[in-house]
Amino acid sequence: MTQQLSETYHLGDIDQIAFVVNNLDIALSTYTTLFGSFKSVLLPNIPVVYRDKETSIALKMAFGKNESLEVEIIEPVNKNGETGPFGEHLKTHGEGLHHVRFKVKNLQETLRLMEADGYKNIYGNLNSDRPWAYIEAPDKLGHTLIELIE
């Protein structure tokens, strides 16, 4: 799938994999054993658009590196109940792989091409200094999301 996606949409290599968990502090011991050390951060209020609705979410996150691959672990922590695609994934699929990320040169153009083929932009911030979007693949490709970042 990755080779075909990369060629069709000019995505390049995967530069990040991300996992969603119920409790970051507990999960870190497992992921540290697999990938090495992580740096944890709390993102208290991120303005985003999720499934066509403007909202904000809060996340506890940890970032690590395994050679050129960034590893991200995410715990949704919103008190208002909005947990975006992370809480949705936990409810539907449980803990585990959430998304893979590709860097793109022109996010708007890549989104246009992918949406024409049945992919759906469900989450992101296209107006930030570094625009990004999470793309939901057609059902036949499974539930792992694709993150695009400019």
(request) Decide ring pair (Phe, Tyr, Trp, His ring centres under 6.0 Å) for Phe102 and Tyr9; before the verdict, give the C-alpha distance in whole Å, the side-chain angles of both, and the deciding distance to 0.1 Å. (result) CA-CA 10 Å; Phe102 298 90; Tyr9 304 110; 9.7 Å; no
(request) Take His99 and His89 through the ring pair (Phe, Tyr, Trp, His ring centres under 6.0 Å) test and state the conclusion after the steps. (result) CA-CA 10 Å; His99 69 266; His89 186 282; 9.7 Å; no
(message) Before you tell me yes or no, could you show the steps for Tyr50 and Ile57 under side-chain contact (heavy atoms from CB on, under 4.5 Å), namely the whole-Å CA-CA distance, both residues' side-chain angles and the distance that decides it to 0.1 Å?
(response) CA-CA 10 Å; Tyr50 177 57; Ile57 63 171; over 6 Å; no
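More than 12 heavy-atom neighbours from other residues, nucleotides or ligands sit within 6.0 angstrom of CG on Asn23. Other residues, nucleotides and ligands place no more than 12 heavy atoms under 6.0 Å from the NZ atom of Lys103.
Pairing each heavy atom of Ile146 with each of Tyr119, the nearest pair is CD1-CE2, 4.0 Å.
Checking side-chain atoms of Ser29 against main-chain N and O of Ile26 turns up a donor-acceptor pair under 3.5 Å. At least one donor-acceptor pair closer than 3.5 Å links the side chain of Asn106 to the backbone N or O of Gln108. With hydrogens and angles ignored, the 3.5 Å screen pairs no side-chain donor or acceptor of Glu54 with any backbone N or O of Pro47.
Between Glu109 and Arg112 a salt bridge is recorded (basic side-chain N to carboxylate O distance below 4.0 Å). Under the 4.0 Å criterion applied to side-chain N and carboxylate O atoms, Glu72 and Arg101 are not assigned as salt-bridge partners.
Residues passing the side-chain contact (heavy atoms from CB on, under 4.5 Å) test with Val104, sequence neighbours excluded: Leu11, Leu107, Thr110, Leu148. Among residues two or more places apart in sequence or in another chain, the side-chain contact (heavy atoms from CB on, under 4.5 Å) test is passed with Ser37 by none.
Hydrophobic clustering (side-chain heavy atoms under 4.5 Å, transitive across Ile, Leu, Val, Met, Phe, Trp, Tyr) groups Ile14 together with Leu34.
Ring geometry, Tyr134 versus Tyr123: the interplanar angle exceeds 60°, so the pair is classed perpendicular (tilted spans 30 to 60°). Note: Phe38 and Tyr31 have perpendicular aromatic rings, judged against thresholds of 30 and 60 degrees for the angle between ring planes.
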